[in-house]
Protein chains: 4
Amino acid sequence: MVRKLLKEKKREEIVKVASRLFSERGFYNTTIPDIAEAVGMSVGNFYNYFESKEDLAKYIMQYSSSILGEEIRKISQMDVSTKEKVFLIVRRFIEIAQERPELIDYFLRIFLSNREVFSEGCEGFLCVGEVVTELMLFLEEGARKGDFRQQDFFPAFVTIMGPLGGLVFLKGEGILPKNPIEYANEIGENIWRALKSDEKV
Amino acid sequence: MVRKLLKEKKREEIVKVASRLFSERGFYNTTIPDIAEAVGMSVGNFYNYFESKEDLAKYIMQYSSSILGEEIRKISQMDVSTKEKVFLIVRRFIEIAQERPELIDYFLRIFLSNREVFSEGCEGFLCVGEVVTELMLFLEEGARKGDFRQQDFFPAFVTIMGPLGGLVFLKGEGILPKNPIEYANEIGENIWRALKSDEKV
Amino acid sequence: MVRKLLKEKKREEIVKVASRLFSERGFYNTTIPDIAEAVGMSVGNFYNYFESKEDLAKYIMQYSSSILGEEIRKISQMDVSTKEKVFLIVRRFIEIAQERPELIDYFLRIFLSNREVFSEGCEGFLCVGEVVTELMLFLEEGARKGDFRQQDFFPAFVTIMGPLGGLVFLKGEGILPKNPIEYANEIGENIWRALKSDEKV
Amino acid sequence: MVRKLLKEKKREEIVKVASRLFSERGFYNTTIPDIAEAVGMSVGNFYNYFESKEDLAKYIMQYSSSILGEEIRKISQMDVSTKEKVFLIVRRFIEIAQERPELIDYFLRIFLSNREVFSEGCEGFLCVGEVVTELMLFLEEGARKGDFRQQDFFPAFVTIMGPLGGLVFLKGEGILPKNPIEYANEIGENIWRALKSDEKV
DNA sequence: TATGAATGAGTTTTCATTCAT
DNA sequence: GATGAATGAAAACTCATTCAT
């Protein structure tokens with residue numbers, strides 16, 4: 001019992017350290033010894049927790065996705081207007097990118113660009129399922145209420161996630177002149193205008 | 001003279017093959033022998049054309065960016081409405097992603113995710129300078145004409161490039177149910193609505 | 001007392017499982033965790049019963065040899081003709097190879113081919129002493145009685161054990177078209193003819 | 001042209017060194033760096049000649065088998081009596097075991113005992129095909145001439161190869177009191193008596 | 001006795017780059 | 001310019017053994 005829990009704790013620790021290293025240096029420039037050292041464990045012991053480097057990468061992806069998905073769901077279920085929710089999602093996404101940059105950066109850097117790592121058992125959307133699911137529900141509800149124009153899921157999806165990902169990317173590049181959160185309102189406004197139905201303000 | 005030209009031709013050939021391989025397999029999963037073989041030259045000879053693998057990667061990045069920038073500039077200078085231009089840019093971007101997928105995929109996969117490769121001499125925006133410059137000019141002109149709302153460059157930039165990058169990503173994942181070009185209008189509409197000033201239709 | 005016995009029981013259990021695994025997968029492809037798991041004990045506990053992997057290997061060798069030696073002795077002491085004994089030994093050897101394949105396979109695969117494992121304390125014939133001793137006695141008695149031609153021990157030894165080992169090897173390769181026991185008579189006949197003195201039939 | 005030949009020469013060199021090391025130390029106790037160093041080349045370069053350690057092992061097996069098969073064929077085609085041929089094969093086998101011990105030892109130690117290495121593409125008899133084929137032809141011809149008793153191939157095969165393998169094994173164990181060749185006649189006699197038809201002397 | 005997490009040296013294999021030809 | 005064999009550092013992963021509990 002206790003052992004199981006301890007093992008789970010250790011896994012989380014590895015995940016935290018590794019997602020940071022991966023998003024800082026890239027997947028292929030982070031070695032298992034790097035991770036082990038940063039966690040303070042031996043290389044061999046690492047393999048008691050994850051079967052392989054790929055296994056770890058997939059686990060992190062799903063872990064990140066479930067956290068992000070959870071955040072979106074929380075907002076989605078609030079008792080506020082759809083417009084308000086759009087702004088909240090944008091703001092929350094940017095906050096997380098600052099509080100736990102590895103979560104989002106990992107997605108951008110590792111998942112987006114090292115797809116070969118995720119083949120088999122965690123391809124494409126499977127890996128980020130929770131984020132997608134929650135956004136889909138949010139978009140559908142907004143459309144049902146008449147707040148969003150009727151449109152295909154995919155254009156709407158990229159209209160939300162694209163600008164957010166882009167902003168985080170620019171943040172990572174270190175070229176944003178202001179604190180990212182200061183762009184939250186403008187981006188929220190853009191996304192809302194992009195999706196809202198014509199009657200809405 | 002002639003030699004210079006021949007050398008340039010060979011470089012282009014390498015660039016074409018390499019950008020395809022890089023975007024198919026990822027930067028770290030494409031070896032110099034792979035590239036040399038695909039081009040039909042020897043490994044040693046490759047190094048007569050590019051100093052290193054990184055050197056090649058940077059060159060490709062700038063090459064792609066100059067082509068994309070050129071396409072944006074062409075549209076930007078057309079004698080059509082700003083709204084029309086937004087739709088044209090979206091459409092052209094998606095077309096290029098289909099005609100020469102390596103150009104866009106390379107950007108998404110290699111640049112976005114393997115930033116460590118591009119440090120020194122080609123950091124961040126430097127590498128994609130032309131696309132950024134052209135979009136900046138386009139946005140400024142649109143705002144000056146009163147077609148776009150006044151806003152910071154960066155939110156506007158990600159509002160255009162984010163959805164486009166996102167769509168290409170989804171295309172790469174093979175999960176789009178329709179041909180990407182069929183989403184062009186919806187995405188163009190979203191972007192236009194996101195950016196246009198209130199008087200515009 | 002009781003403790004000693006329990007310990008011996010557990011050792012036998014380990015020996016049984018390990019000899020099977022070793023002969024199935026080879027010495028170097030069988031890990032201590034593999035053995036421990038198959039026995040249903042922990043890795044650490046394994047080391048309460050055997051000092052090392054090599055220690056275990058040597059123990060198994062001697063264990064197998066003592067069982068085989070015992071079988072030969074039984075036959076050797078029967079009240080039947082020398083010719084009959086040759087046929088019985090052949091038959092018994094093949095039977096054991098079928099009933100307890102690990103015993104013989106272990107000898108063929110592990111001892112024959114991983115001699116380096118057995119250096120120090122169990123070299124060569126020391127390890128298989130009992131089989132050798134019993135065969136030596138059997139051959140001497142046969143010669144004394146005038147049933148076998150007079151000859152050096154070693155040629156005679158390999159003339160008996162060689163074909164038997166060869167047959168088991170072929171069985172392990174899965175290429176024998178018939179059940180091994182069906183070759184017993186032919187092989188017995190060959191061995192008997194090879195060794196018998198000229199007066200015998 | 002020349003390059004191809006040089007490459008083949010180097011492969012042979014590797015094969016010679018590696019088969020010696022393998023048969024001295026065992027397959028799993030010989031590392032690629034060991035082999036590379038003994039050949040006088042770098043580790044990386046080794047992989048320009050063989051795809052993997054297994055690949056090398058299989059190659060050596062077939063190489064050895066073709067040499068042994070060739071020797072058997074030479075004797076098989078001589079214009080001497082079948083009895084004489086049996087004695088010549090025994091003698092030649094023992095000679096080779098002394099002149100080029102790695103050839104035979106390799107078979108005994110590596111092939112016999114590390115079968116897992118040879119799975120896929122070189123299983124069992126496939127790998128030693130030439131020896132088997134030549135012996136089969138020899139046995140058939142002898143039976144046709146009426147020199148050998150009629151019997152199944154497999155018992156006859158192990159009756160020849162078993163004692164020979166056994167002798168080499170004992171030689172490797174360092175326990176033979178005499179030079180192996182001195183046992184040639186006795187073993188030849190045993191094998192001949194084992195197989196010959198009753199009319200023969 | 002029993003457990004299994006922890007260790008770390010050791011293994012195979014890869015690959016950017018060089019350089020003699 | 002062109003070739004491809006050669007280099008060697010570095011990577012992922014393994015596993016016998018130990019030891020705190």
Side-chain angles (χ1 to χ4, degrees), chain A residues 2-4 6-7 9-11 27-37 39-56, chain B residues 3 6-7 10 27-37 39-57, chain C residues 3 6-7 10 27-37 39-57, chain D residues 2-4 6-7 10 27-37 39-56:
Chain A
V2 171
R3 276 208 165 150
K4 273 270 165 71
L6 277 177
K7 194 146 189 174
K9 263 243 153 0
K10 199 91 167 185
R11 274 173 76 93
F27 181 72
Y28 291 106
N29 286 301
T30 305
T31 70
I32 300 296
D34 286 346
I35 295 170
E37 193 187 21
V39 175
M41 80 200 312
S42 70
V43 171
N45 201 20
F46 168 88
Y47 285 90
N48 286 326
Y49 294 90
F50 290 95
E51 276 187 5
S52 67
K53 201 181 172 184
E54 278 199 13
D55 186 36
L56 170 62
Chain B
R3 280 213 163 152
L6 277 177
K7 187 148 190 172
K10 199 85 166 187
F27 181 72
Y28 290 103
N29 286 303
T30 305
T31 69
I32 299 296
D34 286 346
I35 296 170
E37 194 190 22
V39 174
M41 79 200 311
S42 72
V43 173
N45 200 19
F46 168 89
Y47 283 89
N48 288 323
Y49 295 91
F50 289 96
E51 272 186 7
S52 68
K53 199 182 174 184
E54 280 200 10
D55 187 36
L56 170 63
Chain C
R3 278 211 165 153
L6 276 177
K7 188 147 189 170
K10 199 85 165 187
F27 181 72
Y28 290 104
N29 286 304
T30 306
T31 70
I32 298 297
D34 286 345
I35 296 170
E37 194 189 21
V39 174
M41 80 198 313
S42 72
V43 172
N45 201 19
F46 168 89
Y47 283 89
N48 288 323
Y49 295 91
F50 289 96
E51 272 187 8
S52 68
K53 199 181 175 186
E54 280 199 11
D55 187 35
L56 169 63
Chain D
V2 171
R3 275 208 165 149
K4 275 269 165 74
L6 278 178
K7 193 145 189 174
K10 199 91 168 189
F27 180 73
Y28 290 105
N29 286 304
T30 305
T31 69
I32 300 296
D34 287 345
I35 295 170
E37 194 187 20
V39 174
M41 80 199 312
S42 69
V43 170
N45 200 21
F46 167 88
Y47 284 90
N48 285 327
Y49 294 90
F50 289 96
E51 276 186 5
S52 68
K53 200 182 172 184
E54 277 200 14
D55 187 35
L56 170 63

Taking a pair as Watson-Crick (N1 to N3 plus N6-O4 or O6-N4) or G-U wobble (N1-O2 and O6-N3), both under 3.5 Å, which stems of 3 or more consecutive pairs involve DNA chain E? E:2-21 with F:2-21

Rounded to whole Å, CG of D:Asn48 lies from C1' of E:dA16 at a distance of 13 Å

Under 4.0 Å, heavy atoms only, any strand: does C:Lys10 hit a base, just the sugar-phosphate, or nothing? nothing

One character per nucleotide, please: for nucleotides 14-21 of chain F, 5' to 3', B when the base has a protein heavy atom closer than 4.0 Å, S when only the sugar-phosphate does, - otherwise. BBSBBB--

Atom pair distance, as rounded to whole Å: CG in A:Asp55 and P in F:dA12: 14 Å

Can you sort out the partners of A:Tyr28 under ring-ring contact (aromatic ring centres under 6.0 Å, His included), two or more places apart, ordered by chain and number? B:Tyr28

Which heavy atom in A:Arg11 sits nearest to a heavy atom in A:Tyr49, and how many Å separate them? NH1-O, 2.6 Å

Determine whether D:Leu56 and D:Phe46 make a side-chain contact, defined as any pair of heavy atoms from C-beta on separated by less than 4.5 Å. yes

Could you state the atom-to-atom distance from CZ of A:Phe50 to C1' of E:dA5 in whole Å? 15 Å

Which atom names give the shortest non-hydrogen contact between A:Val43 and A:Pro33, and what distance separates them? CG2-CA, 3.9 Å

Base, sugar-phosphate, or nothing for B:Tyr49, non-hydrogen atoms under 4.0 angstrom? sugar-phosphate

Measuring from A:Lys10:NZ to A:Asn45:CG, what's the distance to the nearest 0.5 Å? 6.5 Å

Check: C:Asp34/C:Thr31 side-chain N/O donor and acceptor closer than 3.5 Å: yes

Determine, stepwise, if the pair B:Ser52 / B:Asp55 fulfils side-chain hydrogen bond (donor to acceptor under 3.5 Å, both in side chains). CA-CA 5 Å; B:Ser52 68; B:Asp55 187 36; 5.3 Å; no

For atom CG of A:Leu6 and atom P of E:dA5, their distance in whole Å: 10 Å

Might you point out which heavy atoms bring B:Lys53 and B:Ile32 nearest each other, and give the distance in Å? CG-CD1, 3.7 Å

A:Lys7 NZ to E:dT3 P, in whole Å, measures 15 Å

